[in-house]
Engineer: 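To start, I am sharing the structure in question, which I have written as structure tokens.
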Amino acid sequence: MKLTILGGGGFRVPLVYGALLQDHAEGRVTHVVLHDLDARRLSAVTRVLAEQAAGVPDAPEVSATTDLDEALRGADFVFSAIRVGGLEGRAHDERVALAEGVLGQETVGAGGIAYGLRTVPVAVDIARRVARLAPDAWVINFTNPAGLVTEAMSRHLGDRVIGICDSPVGLGRRIARVLGANPKEAWIDYVGLNHLGWVRGLRVAGRDELPRLLADPDLLGSFEEGKLFGVDWLRSLGAIPNEYLHYYYFNREAVRAYQQAEKTRGAFLHDQQARFYAEMGNPDAPAWKVWNQTRAEREATYMAENRETAGAGERDEDDLSGGYEKVALALMRAIARDERTTLILNVRNQRTLSVLDTDAVIEVPCLVDANGAHPVTVDPLPGHATGLVCAVKAVEREVLAAADSGSRATAVKAFALHPLVDSVNVARRLVEGYTEVHPGLAYLR
């Protein structure tokens, strides 16, 4: 089975390959094709994978190419993990927004809109090529903003594109762990959009254990989200929000912390990865060891400003292991082998949330089998969550319309309608600022 990874020179590719190395079942991936526009990054990641696979019998063959069509032909699965504009682009997204006093995070607020505007046209081109060159392939989208990009691609690939994110998985795992439950045996009632969802229940053997957690302040304050949001706010909500909702519930504090930080997250990662890829230029450098050291630093500093604002302290060691690659492999196995499972995924709504239309991509538990991912019916969201989900989905639709039409006015509308951008004039200045620094937004007119 052939797996193509778009963005194959990306730093997190070894996580996916590591999960593949542990899969020895029949019908496993035997050939991995890495595609990237940067041959130097491809070479570095290929070196890491070679050392990673040393001593592993029957490790999947790895090849690399800068030719997109070549990479796609004959693929059974396509993992899309591209970053249009690179980490330099992410740093620009952050700085332009923060200069206007609004959030520049890569998936939330102004930064997420800017990232989406330059990513959607590229993702749509990829979707069209997949439909032409590998019509039977399943596309698993890692590219952020994951829900928005998945929805853009679904207009050309239908339900054969599925978005994934490790945030809901990590959240469910932490809640189950603090309740003394096995995460594999728990049903997580989670619903929303990507990076905008809530856990409303966690059932073990048919019993909802979340009320027990909410009733115990010591237990509730003992894990990441309890520290981040505070016990009183979680009890007021009656649910556990995805960590990215900290940007909404504590927006002023988050913006202030990011403005005061020595470096934005994008700038930090840009400098960190520049050092990594430069070191990979030394043929004597221990590629696998250097990659692991860099990854550990990356994970430990994740959302550091938010945790500092909340006084949450350092991340627990159990939360440093990531997990998106495990979700991706579980999804791929379920489809390829008809190993039926339940995963929280980004898929078309169908009739799951009545407040959104059938084509809107949402993030919910899905039953997965050989025919793809099928969203599970969920209870309606409470009013406060419904309002936020509808508002952000409306913004996503304006981003898609702007990317499709090239309309600068529609791009301004997308920024102005976002709950975290509080002025039409700010929205206009954001569009001006982003088009000045991003060549990929030259299509807006």
Engineer: Write out all pairs satisfying salt bridge (charged side-chain N to carboxylate O under 4.0 Å, His left out) with one or both partners inside residues 389-405, taking only residues at least two apart or from two chains.
Structural biologist: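 Only Glu151-Lys393, Glu151-Arg397, Asp357-Arg397, Lys393-Glu396, Glu398-Lys413 qualify under salt bridge (charged side-chain N to carboxylate O under 4.0 Å, His left out).
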
Engineer: Does Leu356 offer a backbone N or O that forms a donor-acceptor pair with the side chain of Asn349 under 3.5 Å?
Structural biologist: yes

Engineer: If you compare all heavy atoms of Gly10 against all heavy atoms of Pro14, which two are closest, and at what distance to 0.1 Å?
Structural biologist: O-CD, 4.2 Å

Engineer: Is it true that a side-chain atom of Thr119 and a backbone atom of Gly116 form a donor plus acceptor pair closer than 3.5 Å?
Structural biologist: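 Side chain of Thr119 to backbone of Gly116: no pair is present.
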
Engineer: Within the side chain of Arg174, is there an N or O that forms a donor-acceptor pair under 3.5 Å with the backbone of Glu224?
Structural biologist: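 Checking the backbone N and O of Glu224 against the side chain of Arg174, no donor-acceptor pair under 3.5 Å is found.
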
Engineer: Hey, does the side chain of Thr386 reach the backbone of Leu381 with a donor-acceptor pair shorter than 3.5 angstrom?
Structural biologist: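 Checking the backbone N and O of Leu381 against the side chain of Thr386, a donor-acceptor pair under 3.5 Å is found.
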
Engineer: Would you please name every residue forming a salt bridge (Lys or Arg N to Asp or Glu O under 4.0 Å) with Asp216, sequence neighbours left out?
Structural biologist: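 In terms of salt bridge (Lys or Arg N to Asp or Glu O under 4.0 Å), with neighbours along the sequence ignored, Asp216 is linked to no residue.
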
Engineer: Determine whether Val78 and Val161 make a side-chain contact, defined as any pair of heavy atoms from C-beta on separated by less than 4.5 Å.
Structural biologist: no

Engineer: Which residues pass the ring pair (Phe, Tyr, Trp, His ring centres under 6.0 Å) test with Phe79, not counting sequence neighbours?
Structural biologist: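 Ring pair (Phe, Tyr, Trp, His ring centres under 6.0 Å) list for Phe79, sorted by chain: Phe142.
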
Engineer: Compare all side-chain heavy atoms of Phe268 with those of Leu87 and state whether any distance is below 4.5 angstrom.
Structural biologist: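 SC-SC contact between Phe268 and Leu87 ruled out.
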
Engineer: Can you name the salt bridge (Lys or Arg N to Asp or Glu O under 4.0 Å) partners of Arg90, sequence neighbours left out?
Structural biologist: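 For Arg90 the salt bridge (Lys or Arg N to Asp or Glu O under 4.0 Å) partners, ignoring immediate neighbours, are Glu94, Glu106.
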
Engineer: Kindly state each residue pair satisfying side-chain hydrogen bond (donor to acceptor under 3.5 Å, both in side chains) with at least one member in residues 372-384, sequence neighbours excluded.
Structural biologist: Asp369-His374

Engineer: Answer yes or no on whether Arg203 is positioned over the face of Trp187, meaning its NZ or CZ is under 6.0 Å from the six-membered ring centre and within 45° of the axis.
Structural biologist: no

Engineer: According to ring pair (Phe, Tyr, Trp, His ring centres under 6.0 Å), who are the partners of Trp233, at least two apart in sequence or on a separate chain?
Structural biologist: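 In terms of ring pair (Phe, Tyr, Trp, His ring centres under 6.0 Å), with neighbours along the sequence ignored, Trp233 is linked to Tyr249.
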
Engineer: Please report, to 0.1 Å, the donor-acceptor pairs under 3.5 Å made by any side chain of residues 274-286, with sequence neighbours excluded.
Structural biologist:
unit_1	atom_1	unit_2	atom_2	d
Tyr277	OH	Gly9	O	2.5
Tyr277	OH	Phe11	N	3.3
Asn282	OD1	Asp284	N	2.9

Engineer: Is there a donor-acceptor pair under 3.5 Å between the side chain of Thr435 and the backbone N or O of Glu432?
Structural biologist: yes

Engineer: Quick one, Ile164 and Leu331 - any side-chain contact, counting heavy atoms below 4.5 Å?
Structural biologist: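 Yes - at least one pair of side-chain heavy atoms lies under 4.5 Å apart.
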
Engineer: Apply the test side-chain hydrogen bond (donor to acceptor under 3.5 Å, both in side chains) to residues His35 and Thr65: give CA-CA distance (whole Å), side-chain angles for both, the deciding distance (0.1 Å), then the verdict.
Structural biologist: CA-CA 5 Å; His35 171 269; Thr65 179; over 6 Å; no

Engineer: Taking Trp198's backbone N and O only, do any of them form a donor-acceptor pair with Asn242's side chain (distance below 3.5 Å, no angle check)?
Structural biologist: no

Engineer: Check whether any side-chain N or O of Glu185 sits under 3.5 Å from a backbone N or O of Val204 as a donor-acceptor pair, and report yes or no.
Structural biologist: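 Not confirmed, Glu185 side chain does not pair with Val204 backbone.
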
Engineer: Give every residue pair that meets the ring pair (Phe, Tyr, Trp, His ring centres under 6.0 Å) criterion with at least one member in residues 89-112, sequence neighbours excluded.
Structural biologist: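 Applying ring pair (Phe, Tyr, Trp, His ring centres under 6.0 Å) to every pair that reaches into residues 89-112, excluding sequence neighbours, yields His92-His438.
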
Engineer: Quick check for you: to the nearest 0.5 Å, what is the distance between Leu157 atom CG and Arg160 atom CZ?
Structural biologist: 9.0 Å

Engineer: If every non-hydrogen atom of Ile82 is compared with every non-hydrogen atom of Gly7, which pair is closest and at what distance?
Structural biologist: CG2-N, 4.1 Å

Engineer: Using the rule given for salt bridge (charged side-chain N to carboxylate O under 4.0 Å, His left out), can you reason through Glu253 versus Arg256, listing the C-alpha separation, both sets of side-chain angles and the distance that settles it, and then say yes or no?
Structural biologist: CA-CA 5 Å; Glu253 294 83 357; Arg256 189 181 308 118; 5.4 Å; no

Engineer: Donor-acceptor pair, Gln105 side chain versus Thr107 backbone, under 3.5 Å?
Structural biologist: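 Yes, Gln105 side chain to Thr107 backbone: donor-acceptor pair under 3.5 Å.
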
Engineer: What's the separation between atom NE2 in His195 and atom CG in Leu245, rounded to the nearest 0.5 Å?
Structural biologist: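 CG of Leu245 is found 10.5 Å from NE2 of His195.
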
Engineer: How many angstroms lie between OG1 in Thr46 and CZ in Arg41, if you round to the nearest 0.5 Å?
Structural biologist: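 Thr46 atom OG1 to Arg41 atom CZ measures 12.0 Å (nearest 0.5 Å).
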
Engineer: Looking at Leu210 and Gly201, what are the two nearest heavy atoms and their distance?
Structural biologist: CD2-N, 3.6 Å

Engineer: Compare all side-chain heavy atoms of Asn251 with those of Pro419 and state whether any distance is below 4.5 angstrom.
Structural biologist: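 Contact flag for Asn251/Pro419 side chains = no.
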
Engineer: My understanding is that only residues two or more places apart in sequence, or in another chain, count here; which of them pass salt bridge (Lys or Arg N to Asp or Glu O under 4.0 Å) with Arg47?
Structural biologist: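 Here no residue qualifies.
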
Engineer: Nearest 0.5 Å, what's the CD1-CZ distance between Ile113 and Arg118?
Structural biologist: 12.5 Å

Engineer: For Asn194, enumerate each residue passing the side chain to side chain donor-acceptor pair (under 3.5 Å) test, keeping only those at least two apart in sequence or located in another chain.
Structural biologist: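 Here the qualifying residues are Glu363.
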
Engineer: Who pairs with Arg429 by salt bridge (Lys or Arg N to Asp or Glu O under 4.0 Å), at least two apart in sequence or on another chain?
Structural biologist: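 Partners of Arg429 under the salt bridge (Lys or Arg N to Asp or Glu O under 4.0 Å) test: Glu100.
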
Engineer: Do you know the tightest heavy-atom contact between Asp159 and Trp138?
Structural biologist: O-CZ3, 3.3 Å

Engineer: Any donor-acceptor pair under 3.5 Å linking the side chain of Thr264 with the backbone of Ala267?
Structural biologist: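 Such a contact is found between Thr264 side chain and Ala267 backbone.
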
Engineer: Would you name the heavy atoms of Val361 and Ser154 that are closest together and state the gap between them?
Structural biologist: CG2-OG, 4.4 Å

Engineer: Between Tyr247 and Tyr258, do the side chains contain an N or O donor and an N or O acceptor separated by less than 3.5 Å?
Structural biologist: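 Their side chains do contain a donor-acceptor pair, which is all the 3.5 Å distance test asks for.
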
Engineer: Which distance, rounded to the nearest 0.5 Å, do you find between the CG of Leu117 and the CZ of Arg408?
Structural biologist: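 The CG atom of Leu117 sits 11.0 Å away from the CZ atom of Arg408.
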
Engineer: How long is the span from the CZ atom in Arg235 to the CD1 atom in Ile240, to the nearest 0.5 Å?
Structural biologist: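 So the CZ of Arg235 and the CD1 of Ile240 are separated by 11.0 Å.
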
Engineer: Just to verify, what does Asn292 make a side chain to side chain donor-acceptor pair (under 3.5 Å) with, not counting sequence neighbours?
Structural biologist: none

Engineer: For a quick test of reading the model, state the closest non-hydrogen atom pair linking Ala114 to Asp93 and the distance between them.
Structural biologist: CB-OD1, 3.5 Å

Engineer: Measure from the side-chain N and O atoms of Glu51 to the backbone N and O of Ala287, and report whether any donor-acceptor pair falls under 3.5 Å.
Structural biologist: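 Yes, Glu51 side chain to Ala287 backbone: donor-acceptor pair under 3.5 Å.
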
Engineer: Is any side-chain heavy atom of Val255 closer than 4.5 Å to a side-chain heavy atom of Val102?
Structural biologist: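 Not in contact.
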
